[in-house]
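What you are looking at is a predicted structure, and each value in this text was computed from that prediction instead of being measured.
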Amino acid sequence: MGNEMKPEQFIRDKPRLVYGVGINDWVGSTYDAKTGKRIPEYRLWHRMLERAYCAKYKERNPTYKNTTVDKKWFSLTGFIAEVSSLKNYDKAINEGWNLDKDIISKGNKNYSLELCCFVPKEINVLLTNSRATRGLYPIGVCFSKRDKYYRASVKVGNKNKHLGCFDNPIDAFYAYKTAKEAHIKVVANEWKERIDPRVYEALMSYTIDITD
């Protein structure tokens, strides 16, 4: 009886959940002994949980509203056991490739083995729509108050490519759509031999919608 744990001690010693759901059940330390920083496996898992369950993060990045994670991935070891089977997991650990949830299935909000993939930053940012910062007009379109026309442009690499000026935002959007979809295919073919075949197929058939 003398060795029984008191209720307050149980509460104090209970493992702290990461963002209210994550269980750090990694065997050994999740810190690198040389750098003192978290190991890449932990950072990969932590960033995923942050996007799904951190209220402050979602305020800054509203596109992650309603994002969830497969319950099996609440466990750090469960997460690593599954995602390590995906193509380019080694690139994520060693080169910083991103874990993506909605390239294979556009609009997907759930992180799970079936629909997640690893992609380089170039592909990850290729499909960012910047809805929160672009204003009232469709993706790829801005309005010139001075000249009273709608300008369409597409980002190619680190530069914006001007596509023309239009009388209305719909025509401007379709100019953007044509150019963007063509550019996505170019990038897909550049990475074809290195990315998951599912990613390649998704990029080659990817469509830009006016509601994006």
Side-chain angles (χ1 to χ4, degrees), residues 10-11 13-32 35 37-133 139 184 188 191 194-203 205-207 209 211-212:
F10 175 78
I11 294 172
D13 295 343
K14 187 177 181 180
R16 181 181 178 185
L17 296 176
V18 177
Y19 294 115
V21 298
I23 301 170
N24 181 2
D25 51 4
W26 190 262
V27 176
S29 175
T30 56
Y31 288 92
D32 185 291
T35 65
K37 297 179 180 180
R38 292 283 192 178
I39 58 175
E41 292 88 347
Y42 180 90
R43 295 200 304 270
L44 183 68
W45 176 70
H46 187 275
R47 285 195 296 267
M48 174 190 67
L49 293 180
E50 180 183 35
R51 291 190 287 268
Y53 300 110
C54 176
K56 290 183 178 179
Y57 185 89
K58 289 187 174 185
E59 286 178 8
R60 299 192 303 270
N61 303 275
T63 56
Y64 284 95
K65 182 181 179 181
N66 299 322
T67 296
T68 58
V69 172
D70 187 316
K71 289 183 178 180
K72 290 182 290 184
W73 287 9
F74 289 173
S75 155
L76 174 55
T77 58
F79 169 70
I80 297 302
E82 288 205 339
V83 297
S84 59
S85 68
L86 294 174
K87 183 176 176 64
N88 291 317
Y89 169 74
D90 59 320
K91 297 286 197 305
I93 297 303
N94 300 312
E95 299 177 25
W97 281 33
N98 301 119
L99 177 66
D100 187 278
K101 69 181 183 329
D102 52 12
I103 288 180
I104 292 174
S105 178
K106 185 178 180 181
N108 174 52
K109 291 285 188 178
N110 180 247
Y111 282 95
S112 66
L113 184 65
E114 292 73 24
L115 294 177
C116 280
C117 58
F118 290 110
V119 294
K121 183 178 180 181
E122 180 180 352
I123 289 178
N124 195 49
V125 301
L126 181 65
L127 306 179
T128 301
N129 61 34
S130 303
R131 183 180 290 111
T133 59
I139 186 170
I184 289 172
W191 286 92
R194 291 169 283 177
I195 56 179
D196 188 321
R198 298 176 304 160
V199 174
Y200 177 75
E201 292 172 5
L203 292 175
S205 61
Y206 197 88
T207 59
D209 299 314
T211 53
D212 285 346

(message) Could you tell me if the side chain of Thr30 sits less than 4.5 Å from the side chain of Leu76, heavy atoms only?
(response) yes

(message) Could you check whether any side-chain N or O of Asp25 sits under 3.5 Å from a backbone N or O of Thr77, counting only pairs where one atom can act as donor and the other as acceptor?
(response) yes

(request) Could you check if a side-chain atom of Asn98 sits within less than 4.5 angstrom of a side-chain atom of Val125, using non-hydrogen atoms only? (result) no

(message) Between Tyr64 and Cys54 (side chain of the first, backbone of the second, donor and acceptor by atom type, cut-off under 3.5 Å), is there such a pair?
(response) no

(message) Trp191: which residues meet the side chain to side chain donor-acceptor pair (under 3.5 Å) condition with it, sequence neighbours left out?
(response) Glu122

(message) If you define the side chain from C-beta out and look only at heavy atoms, does anything of Phe118 sit under 4.5 Å from Ile195?
(response) no

(message) Quick one, Ile184 and Leu126 - any side-chain contact, counting heavy atoms below 4.5 Å?
(response) yes

(request) Answer yes or no: is there a side-chain heavy-atom contact under 4.5 Å between Asp212 and Lys106? (result) yes

(request) For the residue pair Val69 and Tyr19, establish whether any side-chain heavy-atom pair is separated by less than 4.5 Å. (result) no

(message) Please list all pairs meeting salt bridge (charged side-chain N to carboxylate O under 4.0 Å, His left out) that have one or both residues in residues 80-100, counting only residues at least two apart or in different chains.
(response) Lys72-Glu82

(message) Could you check whether any side-chain heavy atom of Asp70 comes within less than 4.5 Å of a side-chain heavy atom of Leu113, counting everything from C-beta outward?
(response) no

(message) Quick check against the 3.5 Å criterion: does Asn108 have a side-chain atom that pairs as donor or acceptor with the backbone of Lys101?
(response) yes

(message) For a 4.5 angstrom cut-off between non-hydrogen side-chain atoms, does Ile103 reach Tyr206?
(response) no

